[in-house]
Amino acid sequence: MRSSWADLAANSAAENAPTPPPSAAAAVANNAANTRPVYVPPHLRNRGPSAPAPAAPAFDNSGSRWAPPPRNDYRGGGGGRGGGGYGNRGGGGWDRREANPFADQDDSEEPVTQEEQENTGINFDAYEDIPVETSGGNVPPPVNTFAEIDLGEALNQNIRRCKYVKPTPVQRHAIPISLGGRDLMACAQTGSGKTAAFCFPIISGIMTGQPAQRPPRGVRTVCPLALVLSPTRELSMQIHEEARKFSYQTGVRVVVAYGGAPINQQLRELERGVDILVATPGRLVDLLERARVSLSMIRYLALDEADRMLDMGFEPQIRKIVEQMDMPPAGVRQTMLFSATFPKEIQRLASDFLSNYIFLAVGRVGSSTDLIDQRVEYVQESDKRSHLMDLLHAQRANGVQGKQALTLVFVETKKGADALEHWLCLNNFPATTIHGDRSQQEREAALRSFKSGNTPILVATDVAARGLDIPHVAHVVNFDLPNDIDDYVHRIGRTGRAGKKGLATAFFNENNTSMARSLQDLMQEANQEVPAWLSRFAARSSFGGGKNRRSGGGRFGGRDFRREGSFSRGGSDYHGAGNSGGGYGASGGYGGGGYGGGYAGNSAGPGVTSAWD
DNA sequence: AAAAAAG
């Protein structure tokens, strides 16, 4: 598929003239007469007439099936509205024009108004005074602007189209680390732009890196250069949509594959070429076993919600994909793990997939205090429905134009989700539900309907707990509390995103006593008001410690497990040994004492644990 | 024990 880039380059060199790509021999000859490098990075391939003519590629495969006809996705100026030709994704068969992922947005060149920024952008004021913790050797310093990083003009333009003005904290730190070629384990807040944090370096790396060799002879096997895995289908879809925006007109192709949807369409997309494959594990294993995908060329591996991907349910599949197929080993490929939460048992498992990695935890002080208002109410099992009804009524009263604010209600079981949805509808609350017993079509329809406000109440199992970015979720209700505090963190993280405020209400009763202590600790750390009755439950249940207890007092949602043992446990002074200056150059390495935490000198109170993506 | 992920 590299050759399709080559064709593009050739095409571009000919100023978009409809001439066939040069033969390999011609390419070589041309190159011999020309000292320019043979490889043309994708960000140069869509250049307009003013761009210097790139050298012809040395690896042209014209005549083979890997050299499809030249793409015609150059559009004058590159940034304009472009008129027709968009939205032909899925139509047209061999029409290779790239659908405009920004088609549904106002693409005018008007400066972004304050209001717009407020409504659509990220509220960066919410990200001041971020505590940052890094460990590992030679940590690259963070950047403050996208301009400081050379991501290439095409990517920069997409960043502007996305209305990203400056990098979020996780992006400031993670992008230089990734661009530096380092493996990374990153804990980052919910809704703080973590997808971009791993997409930008991957796209940039593919654009500027060496051209890929031709895929092996397996006729229909495709060889992506990057693999992004996520635990749910909807999250994979979302990552794919984001990544498509970031890679628009870069020549980098992103394809998604997940279960529950017809495989044939996904196969067709794969055959058109794939640089970045976004997938759920099951469908990927299927594709690997059918030999439709080979991982032999993988340079970048990203696990989103990495702790989830490595817990009991997923670990075997992930090991199979990463260790037992044909993926290059750690140290050869570059591996990036992202999550809000990273229990140290899982960190230990994860380290199998990493090589000399940097651990990064980025959080903001008092984030939950400012952004997610957490409440816990004591509600008997039998009273939950009527209590929920009260909340919804109160909200409706506050709603704009009688419109219900978006409310996401988490329950424990799929049956429970159906039952609650049914009951809500009976009571004139337009609700829908998403869970694993529904068809993929139903799941996607439910999500759409919720996002659009058509059914402003979504009853969900944990399938919706992680990663999903649903704008304007005003309220997350933990109708049934999860059994794991990390799940709670992810669930409430569906609100209070991109610097906006949110509300989270949990129903607590005797069935949740195992959560009392961890919930109390979490809320305390986030400067939330803890009801006295909850503290009593916590005191009562705390003797055994409890599996939900976060070690060391849990100032951060994540902490490098490699540092365990080099500090006295008990966590009275989590950051005490770190220098609180700007020293990002951690020198410690594994378990060494020389941890240079770049803790952003905050004395305003306890750190944050609340919302980590 | 539940949920998710292949069909």
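Labels below follow one simple rule: chain letters A, B, ... track the order of the sequence lines, proteins then strands, and each chain is numbered from 1. These numbers come from the heavy atoms of this one structure, side chains and all, not from hydrogens, waters or symmetry mates.
The CG atom of A:Asn478 sits 15 Å away from the C1' atom of B:dA3 (whole-angstrom rounding). Distance CG (A:Asp311) to P (B:dA4): 13 Å, rounded to an integer number of Å. Atom CG in A:Leu284 sits roughly 11 Å away from atom C1' in B:dA6 (whole-Å rounding). The nearest whole Å value for the distance from the CE atom in A:Met237 to the C1' atom in B:dA5 is 16 Å. In this structure, A:Glu234 atom CD and B:dA5 atom C1' are separated by 11 Å, rounded to whole Å. The distance between atom CZ of A:Phe314 and atom P of B:dA3, rounded to the nearest whole Å, is 14 Å. Rounded to a whole Å, the CG atom of A:Leu303 is 16 Å from the P atom of B:dA5. Atom CZ in A:Arg491 sits roughly 11 Å away from atom P in B:dA4 (whole-Å rounding).
In the set B:dA3, B:dA1, B:dA5, B:dA3 carries the atom at the smallest distance from any side-chain atom of A:Thr413. Listed candidates were B:dA6, B:dA5, B:dA3. Nearest to the side chain of A:Lys414 is B:dA3.
The side chain of A:Thr232 contributes no N or O atom lying less than 4.0 Å from OP1 or OP2 of B:dA5. Note on A:Arg233: every side-chain N or O is 4.0 Å or more away from OP1 and OP2 of B:dA4. Within the 4.0 Å cut-off from OP1 or OP2 of B:dA5, not a single side-chain nitrogen or oxygen of A:Arg466 is found. Note on A:Arg308: every side-chain N or O is 4.0 Å or more away from OP1 and OP2 of B:dA3. Phosphate contact (OP1/OP2 of B:dA4, side-chain N/O of A:Thr280, threshold under 4.0 Å): absent.
Among the atoms of the strands shown, none is found under 4.0 Å from any heavy atom of A:Arg290. At the heavy-atom level, A:Gly259 lies under 4.0 Å from the strands shown only through sugar-phosphate atoms.
A cation-pi contact links A:Arg540 to A:Phe537, judged by a cut-off of 6.0 Å to the six-membered ring centre and 45° from its axis.
A tilted orientation is assigned to the rings of A:Phe479 and A:Phe507, their planes being inclined by 30° to 60°.
Within 6.0 Å of NZ in A:Lys384 there are more than 12 heavy atoms belonging to other residues, nucleotides or ligands.
With hydrogens and angles ignored, the 3.5 Å screen pairs a side-chain donor or acceptor of A:Arg438 with a backbone N or O of A:Thr433.
Where A:Gln317 and A:Met312 each meet DNA chain B at their nearest nucleotide, the meeting point lying more 5' is that of A:Met312.
In this structure, the ring of A:His387 has its center no less than 6.0 angstrom from the ring center of A:Tyr378.
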